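Not measured: the values here are computed from a predicted model.
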Amino acid sequence: MSRKLITELKEKINKYDHAYYVLDDPLVADAVYDACYQRLVQLEQQNPDLVTSDSPTQRVAGVPISKFKSVKHRKPMLSLDNAFSAEDFSNFDKRIRTKFSTDSIEYSAEPKLDGVAINLLFVNGYLHNATTRGDGITGEDVTHNIRTLKSIPLKLFGNDIPHEIEIRGEIYFPKDEFTKLNNDLHELGKKTFANARNAAAGSIRQLDAKVAASRPLRLSCYAIGYCSQDIGQKHSDILQLLVSWGLPVSVYNRTLVGVDACLDYYKYMLGIRADLPYEIDGIVYKVNTLVLQDKLGFVARSPRWAIAHKFPAHEEQTTLEAVDFQVGRTGQVTPVARLQPVMLGGAIIRNASLHNFAELARKDLKVGDIVLVRRAGDVIPEVVAKSSSSAKPQALVDIIPPKACPVCGTKLVKESEELLRCPAGLSCPAQLKGAILHFVSKGAMNIDGFGDSTVSLFVEQGLIGSISDIFFLTFDQIRSQEGFADLSAQKLLDNIRSCKKVSFAKFLYALGIREVGKVTAMELARNYSSIDDLMQASITDLLRVDNIGPVLAKHIHDFFREESNQKQIASLFSSGLIIEIEDITIKDQTFIDYTVVITGKFSGYSRDELKDILLSKGANVVSTVSKKTTHVIVGDSPGSKLKKAQELGIQIISLDDIKDLLD
Ligand code: IVH
């Protein structure tokens, strides 16, 4: 009796989940759903031997896992080549038509969802495991999180299911839910996500399934990987099968013949993009006939039978309400636009970069102007140009570059048309705060517990006047500050003590020498046996180090000549800081065979950051495209390097293709 009831309830709940999460068409009221669910929980408690792995009650695991397992995909997870214009797509189509001597090709056209790729392995219809893309060959097992997504059936519907099948799709975070999550995180004083994709990735890469379970993640399936039998002749047949098995597949997928139909579809999707409840960043066209796909094959990591036609960056108009001048860690003053809040690419934008003073002058902006704001992926939004003036000319306010540091009042130095700098160094509170935040940051000394507000408080209260003061803080000093109790003061003190041993490279990076990133710090540590050695180095000596040019050599040299810096370093060592000698050869070989050129702007990374990461993972990063170049990484608004790479037939990839390898 119970057995039959349990089976019926399971089927009912699975049907309700499918209607709600896959078809977006709920069948019953929440109360009815909850009643069924509770009844099932009750019956299963009474009959524990009747609990099966596909029961809706088995979605959330009890205890967090301790680490992610690596799992090899049965078939590699590939990435896509990009088309940045209609012409690029036409060329792609022409290549294929020529190869098959035909007038037109049938494509499966699909929205390119901006989320994280997932591989779902079903064995005998049951969800066996779920893995991230990883390096395309091996991914991380995130089954515990994926099981919590009600849009994913734990058992596929129907009877005619292949014995083993890998199903591929994109996990995404709906736009509205993303805004809500960020508002909630903001209210709780927690770090917010830069965009919906990062929120999806962050939720999937959690050890505790409760986090993913609390996030309204969705799935859209777009392909299969390995399959133990042939299941169709066309890609569109496969998508149809996925739908029949209860899996979510985009309702916007179309089968289209020829370039014109594809470009019309692109325009249509671009037109509705802003109204979709999720982020899409382009259209994927796939040659529909599987036999033709096989004949076309692959180049490196992407198929020759598919291409992603990217959408342009998001742009919106809004009013420039004010311009503030921010002082960075090195004293550089940057103009920042304060905007009337505007929704852009799934996030509310209040501030945008104005880059530098030359740009500000060139754009001829005034407070009160209507400006065009652009955001590509999760890059910091920027003011592109003035669109018009909303106010009467007399109501517009000129933007005048400051003469004195807005934080400490010291007269600014004009280093170039672009650059104003506050020369006060660490006696300027903004630079001191910046230097300390950098010193304690993860890639540097990695001292936990020093957030923005604690550093500001300690600097303002005069507890910290220099970097080394951190190591001389006492329990009583910390305890006397607002927000600290015995336990929290002791914890911060313990954190500081436990970080007194550090690698030479991290120590050098932590010092905050101008333009010395993690990779340069590593190169320096590799080439000098001690800090004394490095402090004595002449510019000529420094120029012998790989990747160090004249400007960088001068910055390093000047830093160690400066008396206050010498005192800082002496003081750090007198506080008990110890440099650990370790093998600092590059261990991560992810990009060891890559000779890379980077062009354009990128989501979430400055070009320098991207370069640093690639170098630290073994790549050779060069600035000009040549025959030796193996990959060109192309961002938004790429330069002439893209053309050169196309001419030379060098593989062009986007950040998307390698984003999973950058962590
Ligand atoms: S097909 C063999 N179709 O884009 C082709 N990918 O840059 C493999 N993506 O890793 C991908 N929507 O995460 C395909 N309709 C779609 C897609 C899609 C989003 C993502 C996917 C992939 C990346 C490729």
Side-chain angles (χ1 to χ4, degrees), residues 320 322-339 351-367 369 371 373-374 379-386 397-439 441 509 511-521 539 542 547-562 564-565 598-602 605-612 623 637 639:
L320 179 62
V323 173
D324 284 351
F325 301 101
Q326 280 180 353
V327 184
R329 171 165 73 83
T330 56
Q332 185 171 339
V333 182
T334 314
V336 177
R338 305 290 177 212
L339 306 166
N351 309 310
S353 169
L354 285 163
H355 300 295
N356 58 50
F357 288 95
E359 280 281 303
L360 188 61
R362 194 181 57 72
K363 285 177 182 147
D364 186 29
L365 300 174
K366 291 195 171 36
V367 169
D369 278 337
V371 290
V373 188
R374 175 191 298 160
V379 223
I380 301 164
E382 57 171 349
V383 173
V384 185
K386 157 156 90 177
V397 182
D398 284 339
I399 301 161
I400 301 160
K403 296 255 179 305
C405 172
V407 178
C408 71
T410 306
K411 191 166 179 295
L412 296 176
V413 178
K414 186 169 179 175
E415 290 192 355
S416 65
E417 279 315 306
E418 281 99 38
L419 200 82
L420 290 178
R421 195 182 295 279
C422 166
L426 295 187
S427 60
C428 168
Q431 292 177 61
L432 178 60
K433 280 182 203 169
I436 291 168
L437 280 170
H438 174 77
F439 186 76
S441 68
Y509 172 67
L511 288 176
I513 307 167
R514 259 173 82 180
E515 287 178 40
V516 173
K518 289 178 197 153
V519 175
T520 309
I539 292 197
L542 289 164
N547 286 313
I548 292 187
V551 176
L552 196 49
K554 184 166 182 324
H555 286 329
I556 299 166
H557 187 258
D558 288 355
F559 181 90
F560 289 119
R561 287 292 137 331
E562 169 74 43
S564 63
N565 292 334
I598 306 173
T599 176
K601 290 183 183 170
F602 294 91
Y605 301 94
S606 71
R607 259 199 300 269
D608 280 346
E609 273 169 346
L610 192 56
K611 181 176 161 189
D612 268 4
S623 49
S637 332

Using every non-hydrogen atom in the two residues, find where [X] and [Y] come nearest and quote the distance to one decimal.
| X | Y | result |
| --- | --- | --- |
| L552 | E515 | CD1-O, 3.4 Å |
| P335 | V323 | CB-CG1, 4.1 Å |
| N351 | P381 | O-CG, 3.8 Å |
| L542 | A553 | CD1-O, 3.5 Å |
| L339 | V373 | CD1-CG2, 4.0 Å |
| Q431 | G331 | CD-CA, 3.3 Å |

Nearest-0.5 Å distance that lies between atom [atom1] in [X] and atom [atom2] in [Y]:
| X | Y | atom1 | atom2 | result |
| --- | --- | --- | --- | --- |
| S353 | R374 | OG | CZ | 12.5 Å |
| F357 | T334 | CZ | OG1 | 7.5 Å |
| L412 | F325 | CG | CZ | 10.0 Å |
| I513 | I556 | CD1 | CD1 | 6.0 Å |
| K366 | L320 | NZ | CG | 11.5 Å |
| L354 | Q326 | CG | CD | 10.5 Å |

Go through the structure and list residues passing salt bridge (Lys or Arg N to Asp or Glu O under 4.0 Å) with E417, not counting sequence neighbours.
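Partners of E417 under the salt bridge (Lys or Arg N to Asp or Glu O under 4.0 Å) test: K414.
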In chain order, what residues pass the salt bridge (Lys or Arg N to Asp or Glu O under 4.0 Å) check against R329, with sequence neighbours excluded?
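R329: no salt bridge (Lys or Arg N to Asp or Glu O under 4.0 Å) contacts found.
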Are any of the side-chain heavy atoms of S427 and C408 separated by less than 4.5 Å?
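No, every pair of side-chain atoms sits at 4.5 Å or beyond.
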Just wondering, do L420 and P402 contact through their side chains at under 4.5 Å, heavy atoms?
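Contact flag for P402/L420 side chains = yes.
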Taking N356 for its side chain and A358 for its backbone only, find out whether a donor-acceptor pair lies under 3.5 Å.
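Yes; at least one donor-acceptor contact below 3.5 Å.
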Going by the ring-ring contact (aromatic ring centres under 6.0 Å, His included) test, which pairs reach into residues 419-438, not counting sequence neighbours?
H438-Y509
Taking atom NZ as the centre, does K554 end up with more than 12 heavy-atom neighbours from other residues, nucleotides or ligands that are less than 6.0 angstrom away?
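Open: at most 12 neighbouring heavy atoms sit under 6.0 Å from NZ of K554.
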Other residues, nucleotides and ligands only: do more than 12 of their heavy atoms fall within 6.0 Å of NZ on K611?
no
Set of ring-ring contact (aromatic ring centres under 6.0 Å, His included) partners for H555, sequence neighbours left out
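With neighbours one apart ignored, the set is empty.
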Donor-acceptor pair between Q332 and T330 side chains, under 3.5 angstrom:
no
Between C405 and V327, is a side-chain contact (heavy atoms from CB on, under 4.5 Å) present by the stated rule, with each step listed?
CA-CA 8 Å; C405 172; V327 184; 3.9 Å; yes
Name all residues meeting the side chain to side chain contact (heavy atoms under 4.5 Å, CB included) criterion together with L426; count only those two or more places apart in sequence or in a different chain, and write none if there are none.
L432, A435
Residue pairs fulfilling side-chain hydrogen bond (donor to acceptor under 3.5 Å, both in side chains) with at least one residue in residues 404-413, sequence neighbours excluded
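As it turns out, there is no side-chain hydrogen bond (donor to acceptor under 3.5 Å, both in side chains) pair with a partner in residues 404-413 once direct neighbours are skipped.
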Give the C-alpha distance, both sets of side-chain angles, the deciding distance and a yes or no for side-chain contact (heavy atoms from CB on, under 4.5 Å) between I399 and L365.
CA-CA 7 Å; I399 301 161; L365 300 174; 4.0 Å; yes
